[in-house]
Structures are given as C-alpha cells and as structure tokens.
Amino acid sequence: MKPSVILYKKLPDDLLTRLESHFNVTQLSDLSPETVKQNAEAFANAQGILGSSEKVDEALLEHAPKLRAASTVSVGYDNFDVDALTARGIALMHTPTVLTETVADTMMTLVLATARRAVEGAERVKAGEWKGSIGPDWFGIDVHHKTLGILGMGRIGLALAQRAHFGFSMPILYNARRHHKEAEERFDARYCDLDTLLAESDFVCISLPLTEETHHMIGAEQLAKMKPSAILINAGRGPVIDEKALIQALQAGTIHAAGLDVFEQEPLPVDSPLLEMPNVVALPHIGSATHETRYNMAACAVDNLIAALTGDVKENCVNPQVLK
Ligand SMILES: NC(=O)c1ccc[n+]([C@@H]2O[C@H](COP(=O)([O-])OP(=O)(O)OC[C@H]3O[C@@H](n4cnc5c(N)ncnc54)[C@H](O)[C@@H]3O)[C@@H](O)[C@H]2O)c1
Ligand SMILES: O=C(O)[C@H](O)CO
C-alpha cells in the first residue's frame, strides 16, 4: 500500500504524476480548520503533506497523528511550528538553493526600480505626463558605486552581493550571525554591526528569515539611524520591518524610499498608506516567481517528500535530528 499524502498546492502535471507514483494523493485547496474538518479521514491517514504558505501548528498536527514529513515549496519556513514538528518526529523539508539567484534578481530589481524611480516614471508616461524634455522632477539617484548593506548574508545575500560587486561596483557592508568568508574574499564585503550598516549604507537590503530575533528588527529607532537619502529593500519577510514605523519614516522623509516584496499582511491591504507613496515600489511577493524557478521549487519539494518518506534524506531537512 502506498503511503497517503495531502497536497495543498497546485503542481505541474508531470510533478503530480511523479508524486502519485509514490503516494495516494489527496488534493486540497488549503489547510484551514474547515478544510481539515471536512477531510478528517485524509488527515488521520496522512504520512506526508506538501504545499506552501499555510500555517502548520500544533492545532493542525493533532488531526494528523501519522504524519512523518512536511514538505514546503519555499525556503522560508516561519509558517511552521518547527518545535512542534520536531517533538512529534516529523521531518520538515524545504527548498533552498533552487531559488537563490532568482530572489537576488528580484532584490536588484527593487534596488534599481526605487533608485531610478522606474515604476513612477512608467506610470507618468502612461498618464500622458511626458510632454517634453524631462527635468529634475523625473530624476533618480545612481546605483553604481553606492554602498549596499546586506542584512542576512546567507544564500540570497551572497547572490545579491555578487550582483552588486561585479555588476554595479558597489562597496558591500553586511551583518549576519557570523562572518561570511566567501563574501569577504570574493566580493570585498565588510562585516559590521547593525548600527554601522544602517548609518553607512545607501541601500539597506533585507534577506533575513523571520524568527523571534528578527521580528521588527527594523523599527523607528533603526530607521532613524539610516541616511535620509537611503533606500530600504525587503525581500526577507514582512514582519522583519515594523511596517507602521516604516510608513511614518517615509511620510516624515526619514528615509528616501522603499522597495518591498514582502509585507506584515499579505496580500497587502488595498488601503495601505504604502500604496499612496510614489517612492514605494510594492511587489506581490514575487521573489522566486519565475516559471523556471517555481517549477524547480515544486520539483524539489516533491523529491524532498519522496526522500523523507522513503528514509533517503540527503539534504534540505530543517530538523535533521528527527531522522536519526
Ligand atoms: N521574497 C521572497 O519571495 C523570498 C524568497 C526566498 C526567500 N525569502 C526569504 O529569505 C530568507 C533567506 O533565505 P536564504 O536562502 O538566503 O537563507 P539563509 O539561511 O541562507 O540566510 C539567512 C541569513 O540570515 C542570517 N540571520 C538569521 N538570523 C539573524 C539575526 N538574528 N541577525 C543577523 N542575521 C541573521 C543568517 O546568519 C544567514 O546569513 C528566507 O528565510 C525567506 O524568509 C523570501
Ligand atoms: O521563502 C520562500 O521561498 C518564498 O518566500 C516563497 O515564495
């Protein structure tokens, strides 16, 4: 008998076929309490789950006593209660590496779009405002040779440093939990404390995971330490920034602009003051959203679940202690 698994995300046909060749798959739209209640038997029998974005906590796990593996189609796993999974011996699998370069491209897009006011300019062209030779009210600021500060020098931070160093001749500052030898040797990145990074960077770029430590790591006090000409970029997780404080800082001119792919509440409410600010570029969490990368993430998540449920995990496990 094939093990039973719950799939709560749409997969490309060939990946669904691969998953079905190993498992009895129940496809659901989400993991809401209503869905769990309506599919109690599927949860009672599930040995694996695969999907993304939904909250997986103790309350959900109580409905799935046979669960042995959870596979998320993402690198970030802040929506999982990892301690609860670990206590129950459930392996949490994620998809690092396959999306790194694409997310770094998104961060560079935000750097360029905010500095050069690309979105605002394009909207003004569409609105018929381009009537002659443009003046300073259309100008942006240079990106090349400016100082780029990276908060969270992990896989994505490193790929961003590579782009900034080789592509844009930018000096790089970074802060992380430990020194990153490769970033220092290959891209001349300089480790510094958070306050120095905030004070000296022209672009403060966040590629941090969301944890208890990073929650609201950037608030009013930190924003006040940035240069008034500086731009804040976030492609980590929304709650790393205190969004109310950011809105106030942008309104007061404490910082120059912001490029955001992630928000405290997603989708971003349509009445968010951020959407009224021409110096804010707000993207709908598209960090990894290319056809190629989303396919590779889904394939990785399918392979991760197969590996976890066949006892053949070699990589991508968040809590490998449960495998022993
Ligand atoms: N916008 C998107 O679509 C998108 C896509 C992929 C990843 N992400 C986010 O980016 C995050 C990073 O991904 P990654 O693959 O680079 O992860 P990673 O684990 O390789 O890097 C994370 C870095 O953050 C640092 N860090 C963690 N806590 C810290 C703290 N308290 N203070 C200072 N530094 C700290 C770590 O030392 C590490 O250098 C993910 O966890 C996810 O939340 C967003
Ligand atoms: O963490 C990730 O992989 C992204 O945010 C999901 O697209």
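All values below come from the heavy atoms of this structure, side chains included, with hydrogens, waters and symmetry mates left out. Positions are given from 1 along the sequence. All ligand and atom numbering here is 1-based and tracks the order in the structure. Given the structure is predicted, the values throughout are model-derived calculations rather than measurements.
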Q.
So is Thr214 touching ligand 1 or not, going by heavy atoms under 4.0 Å?
A. yes
Q. Salt bridge between Asp30 and Lys55, side-chain N to carboxylate O under 4.0 Å?
A. no
Q | salt_bridge(Asp312, Lys314) N-O dist < 4.0 Å | A | yes
Q: May I ask whether Arg294 places a heavy atom under 4.0 Å from ligand 2?
A: yes
Q) Which protein heavy atom lies closest to atom 6 (C) of ligand 2, and at what distance to 0.1 Å? A) Ser74 CB, 3.9 Å
**Q.** N/O separation below 3.5 Å, Gly76 to ligand 2
**A.** yes
Q. Can you list the steps and then say if Leu208 with Met217 is a side chain to side chain contact (heavy atoms under 4.5 Å, CB included)?
A. CA-CA 10 Å; Leu208 283 166; Met217 190 184 248; 3.5 Å; yes
Q | Heteroatom distance test (Asp261, ligand 1): nitrogen or oxygen, under 3.5 angstrom | A | yes
Q. Does Phe139 offer a backbone N or O that forms a donor-acceptor pair with the side chain of Arg117 under 3.5 Å?
A. yes
Q) Backbone or side chain, does any N or O of Glu213 fall under 3.5 Å from an N or O of ligand 1? A) yes
Q. N/O to N/O below 3.5 Å, does that happen between Leu210 and ligand 1?
A. no
Q: Just need the protein heavy atom nearest to atom 7 (O) of ligand 2, so name the residue and atom and give the distance.
A: Ser288 OG, 3.3 Å
Q: Determine whether His256 and Pro228 make a side-chain contact, defined as any pair of heavy atoms from C-beta on separated by less than 4.5 Å.
A: no
Q. Quick one: CG on Leu60 to CG on Leu85, what's the gap to the nearest 0.5 Å?
A. 9.5 Å
**Q.** Side chain, backbone, both or neither: Met217 near ligand 1, heavy atoms under 4.0 Å
**A.** side chain
Q) What part of Arg177 sits under 4.0 Å from ligand 1 if we count only heavy atoms: the side chain, the backbone, both or neither? A) both
Q: Determine the minimum heavy-atom distance between Ile6 and Ala46, stating which atoms define it.
A: CD1-CB, 3.9 Å
Q. Applying a 4.0 Å heavy-atom criterion (strictly less than), which segment of Val262 is in contact with ligand 2: side chain, backbone, both, or neither?
A. neither
Q. Which one holds for Arg155 and ligand 1: side chain close, backbone close, both close, or neither close, with close meaning a heavy atom under 4.0 Å?
A. both
Q | Under 3.5 Å: donor-acceptor pair, side chain of Asn319, backbone of Leu92 | A | yes
Q. Taking atom CZ of Arg237 and atom OG1 of Thr211, what is their separation to the nearest 0.5 Å?
A. 12.0 Å
Q: Among all protein heavy atoms, pick the one closest to atom 12 (C) of ligand 1 and tell me residue, atom and distance.
A: Ser207 O, 3.5 Å
Q | Within reach of ligand 1, part of Val103 (heavy-atom separation under 4.0 Å) | A | side chain
Q: Return yes if a side-chain donor-acceptor contact under 3.5 Å exists between Thr35 and Ser32, otherwise no.
A: yes
**Q.** Heavy atom of Thr211, distance to ligand 1 below 4.0 Å
**A.** no
Q. Among protein heavy atoms, which lies nearest atom 4 (C) of ligand 2, and at what distance?
A. His285 NE2, 3.7 Å
Q. Does ligand 1 have a heavy atom under 4.0 Å from the side chain of Thr100, from its backbone, from both, or from neither?
A. neither
Q. With side chains defined as the heavy atoms from C-beta onward, is the minimum distance between His215 and Val240 less than 4.5 Å?
A. no
Q: Could you pull out, from Ala104, Gly154, Pro96, the option with a heavy atom nearest to atom 38 (C) of ligand 1?
A: Gly154
Q: Tell me which protein heavy atom sits closest to atom 42 (C) of ligand 1, plus the residue, atom name and distance to 0.1 Å.
A: Arg237 NH1, 3.7 Å
(Q) Does only the side chain of Leu208 get under 4.0 Å from ligand 1, or the backbone, or both, or neither? Count heavy atoms. (A) both
Q) So is Val75 polar-close to ligand 2, meaning N/O to N/O under 3.5 Å? A) yes
Q) Is the His94 to Tyr77 ring centre distance short of 6.0 Å? A) yes
Q) Can you tell if the side chain of Ile231 reaches within under 4.5 Å of the side chain of Ile141, non-hydrogen atoms only? A) yes
**Q.** Side chains of Thr106 and Thr109, donor plus acceptor under 3.5 Å
**A.** no
Q: Can you figure out which of Ala159, Ser74, Pro209, Ala176 has its heavy atom closest to atom 24 (O) of ligand 1?
A: Pro209
Q. To the nearest 0.1 Å, how far is atom 44 (C) of ligand 1 from its closest protein heavy atom, and which atom is that?
A. Ala235 O, 2.9 Å
Q) Quick one: does His180 get a heavy atom under 4.0 Å from ligand 1? A) no
Q.
Regarding Glu101 and Arg163, does a basic nitrogen lie under 4.0 Å from an acidic carboxylate oxygen?
A. yes
Q | Ala289 and ligand 1 - part of the residue with a heavy-atom distance under 4.0 Å | A | neither
